[in-house]
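None of the values given here were measured: they were computed from a predicted structure. Heavy-atom basis, side chains included; hydrogens, waters and symmetry copies ignored. Whatever order the structure lists ligands and atoms in, that order sets their numbers, starting from 1.
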Amino acid sequence: MNHRVIIGLEVHVELKTKSKMFCKCSADYFGQKPNTHTCPVCLGLPGALPVPNQQALEWCVQIGQALNCNIPLFSKFDRKNYFYPDLAKGYQISQYDEPFCLGGHIDINGKKFGITRVHMEEDTGKLTHESDSSLIDFNRSGVPLVEIVTEPDFDNAKDVKAYLQKLQQIVRYLGVSDADMEKGQMRLEPNISVSLDVNSKTLPKYKVEVKNINSFGFVEKAINFEIERQLEILQKGERPAQETRGWNETKNATVSQRLKEEANDYRYFPEPDIPPIRWTQTQIDSLKASIPELPDEKLARFQKEYSLSEYNAEILTREVAFANYFEEAVKVAQEKTTPQQIANQIINKKINIDEILPAELIEEILKSNQTNDLDINELKLAVKKVLKDHPQIAQDFVKGKTSVIQFAIGQVMYILKKKVDVNLVRNMILEELK
Ligand SMILES: [Zn+2]
């Protein structure tokens, strides 16, 4: 390759706390009537004072811990000042230079990707643009939002996708967010730049950020589109503009939105209405201790403890509920069947875990084991009888008339008078004819 691709990511995840980040309004706003989950605090009325949601702070720290971050004992909130109609206060409460979590990493397929920081902020309201007007819904305003920022460690869209899937899995495992992208609970922003100098150790002098993408597939497409677009500009001897772009699904392209602001345009300053947060080491340790088993550990344990293949273990541990269901079934089975057979049944039969109880699943497996045994013996007898009653079959078969097998299968089915796997019957006949 004659160029170098540099990609970093910012991901926003909405936490599923009961109340919003700084007020008592319900954070469960999806599908609710506009502007019904509001109060003076999240509407940004003058004089209203924010009170941080402790659950949200703790969950933010746990996300950081799950991503191997360092958790400083001192942290604070800052005001990010900018005007936008969905931000009634004229500023967003966020974290600037002293976030909750710093310097972590995530490991995927033997590669290590750096996490720069994980910080806490509040979501904004939602704008809906009509033909000649715009509507504002403040239900989302003030919902706890965690931002996870990576180092520019990615060089291709495939690794980015794998990282995003892993991140989604981790926050779901932690139980802090459903990270449903269709509901806007997880929003993705890759930043991409390309350099024609393959050996250069420095970053290019520009980067292009693609804002608010709501699917892993679109991120992949947007990145690949940007690499091509930027390469074309670079090859003309020009430098792509430092800008923010959006992904346009219909055009299958990124489109320019605005030239990028520098960080100091936001005039960050410490939030005067919220005292700095000071954790004790004991608090941090106990948050870490209460983190449940995470995907990588569970995957390794399933392979070891239940002798499952990596493939099966990976499918079973994709979602916590699925993994729990499997373990419950293993317990119920009391060694009457193997974990391997339980895993196969769940995966191959695409079991709906909301419809079949683990105990029912085990019953099904035991029952099918029994009928299978019965069928095999019955089948063997039937095949033998057919071959004995019709010696012509064997003679024709030896002469290379394979169509005679079809006749034999029909005869066996006739004797059994029940549904049997045709391939099983065919194999059994061929076995006997050997
Ligand atoms: Zn409120």
If we ignore angles and hydrogens, is there a donor and acceptor under 3.5 Å between the side chains of Glu14 and His12?
no
If you measure only the distance, is there a donor-acceptor pair under 3.5 Å linking the side chains of Ser290 and Gln62?
yes
Quick one: the SG of Cys25, the Zn ion (ligand 1), SG of Cys23 angle, rounded to 10°, please.
110°
How open is the angle at the Zn ion (ligand 1) from atom SG of Cys39 over to atom SG of Cys42, rounded to 10 degrees?
120°
Any N, O or S atom of His37 closer than 2.8 Å to the Zn ion (ligand 1):
no
Looking at residues at least two apart in the chain, or sitting in another chain, which of them share a side-chain contact (heavy atoms from CB on, under 4.5 Å) with Ala321?
Ile353
Test of understanding: with ring-ring contact (aromatic ring centres under 6.0 Å, His included), list the residues that count as partners of Tyr84, not counting sequence neighbours.
none
